[in-house]
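Keep in mind that the numbers below use all heavy atoms, side chains included, and drop hydrogens, waters and symmetry copies.
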Amino acid sequence: MAVTMVGRAPALDELRRACARVRTRGDMVTALVTGDPGTGKSTLVTALRHAEPSMPVLAGTARVHSPAPYDWLAAILTGRDIRDIEVPADALAWLKQDPDVPRERYTPEALLRLAVTAVRELVAGRPTVLVVEDLHALDPASLNLVAELAAAQLPALLLVTSQPAQAAVSPQLTARTLARLAGQPGTVRRHLGALRPAEVAEVLMQAYGQEPTPDLVASVWQRTDGNPYRLSELLAVEGADGPEGLLGGVCDLTAREREVLGCLAEGMANKQIAAALGISVRTVTVHVSNLLRKTGAASRTEAALWAMRGGGVPQSRPRDLQTLPASSSG
């Protein structure tokens with residue numbers, strides 16, 4: 001059961017107006033959509049593509065596990081007829097990441113200029129949407145290319161989505177790239193945050209066709225922190241047979257118990273939890289016992305799974321948690 005565009009309609013309307021500017025004036029318009037994981041950035045991109053079917057789309061992706069130079073452009077070039085692109089064949093093969101390409105013989109500056117030229121050739125003067133999803137996961141060469149495209153004279157909407165820079169492969173370069181994009185004249189900026197309780201109520205109304213009770217709204221909002229992805233997962237898993245199922249996992253955990261539950265979801269042992277939260281191991285044991293009783297879980301593993309399904313793990317973990325190794329023992 002998918003979460004609709006509740007809470008995101010104004011952002012979609014603004015992106016559609018940006019597309020109109022591209023079509024009528026031939027402008028290059030940069031649209032920067034930021035937000036934490038699960039806040040609906042990709043959903044917004046998909047909705048725009050459905051709303052503007054007449055505009056060609058060039059969309060590239062990052063290789064999360066083994067990033068290489070110009071991943072974004074390589075993803076666009078792969079499987080496309082590029083014989084008419086006026087870029088030297090060996091440089092184009094390198095940008096495309098062909099496996100048999102000879103050793104690079106161009107300077108980074110020259111490759112960047114050729115990459116911009118390749119995109120310009122692909123656009124070919126037609127109003128186009130250039131989609132850059134997950135900017136934070138891109139390699140440095142792709143980041144430089146995206147920044148250069150924002151300043152290029154192209155009839156295009158450069159639609160960029162990103163998590164915060166601190167989550168990036170190259171945090172400092174990503175932060176600089178985001179700043180360059182945000183500083184372009186006429187840039188559309190949208191930050192997608194959590195859904196408000198009233199918006200969660202609207203989603204529940206659409207899902208079940210009946211007005212949700214205030215208690216149900218409050219419980220679902222608390223369990224998902226208003227995160228659209230976690231909300232959709234909760235509806236699909238626990239609410240598939242009706243809204244009554246959403247109440248089955250609701251429990252009144254204290255703030256400390258929620259912190260301990262978050263630690264369990266990270267696979268931490270009691271000693272690690274105690275060190276992270278600054279409490280004794282005995283106190284951790286009491287909290288674990290209480291939250292097992294409240295969640296109805298038979299084990300700490302089951303409680304961790306319950307938490308990862310949307311059962312109330314706090315969004316931010318204690319700072320000390322970031323540096324402790326995970327463990328499933330204890």
Can you tell whether the side chains of Arg230 and Glu233 come within less than 4.0 Å, N to carboxylate O?
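Answer for the salt bridge query: no.
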Charged N to carboxylate O below 4.0 Å: is that the case for Arg180 and Glu148?
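Salt bridge: yes.
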Rounded at 0.5 Å granularity, tell me how far [atom1] in [X] sits from [atom2] in [Y].
X	Y	atom1	atom2	result
Leu195	Arg8	CG	CZ	5.0 Å
Asp71	Leu95	CG	CG	11.5 Å
Met28	Thr128	CE	OG1	9.5 Å
Asn227	Asp36	CG	CG	8.0 Å
Glu121	Glu86	CD	CD	5.0 Å
His287	Leu292	NE2	CG	13.0 Å

Mark yes or no for whether [X], through its side chain, and [Y], through its backbone, hold a donor-acceptor pair below 3.5 Å.
X	Y	result
Arg196	Gly226	no
Thr161	Val33	no
Ser280	Thr283	yes
Tyr208	Gly239	yes
Thr78	Ala75	no

Are there more than 12 heavy atoms of other residues, nucleotides or ligands under 6.0 Å from atom [atom1] of [X]?
X	atom1	answer
Arg49	CZ	no
Asp81	CG	yes
Arg189	CZ	no

For a 4.5 angstrom cut-off between non-hydrogen side-chain atoms, does [X] reach [Y]?
X	Y	answer
Asn290	Val288	no
Val188	Thr30	no
Arg190	Pro10	yes
Arg126	Pro155	no
Thr285	Asn270	yes
Ser162	Leu178	yes
Leu264	Glu302	no
Glu52	Val129	no

Exercise: identify the closest heavy-atom pair between [X] and [Y]:
X	Y	result
Leu135	Thr174	CD2-CG2, 4.4 Å
Ala118	Leu92	CB-CD1, 4.4 Å
Pro197	Val217	O-CG1, 3.4 Å
Gly35	Lys41	O-NZ, 3.1 Å
Tyr106	Ala91	CE1-CB, 3.6 Å
Val29	Gly186	CG1-O, 4.2 Å

Is there a path from Leu138 to Val169 through hydrophobic residues (I, L, V, M, F, W, Y) whose side chains come within less than 4.5 Å of each other?
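Leu138 does not cluster with Val169.
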For side chain to side chain donor-acceptor pair (under 3.5 Å), just list the numbers for Ser42 and Glu133, CA-CA rounded to whole Å, side-chain angles, deciding distance to a tenth of an Å, and then say yes or no.
CA-CA 7 Å; Ser42 294; Glu133 288 204 68; 2.6 Å; yes
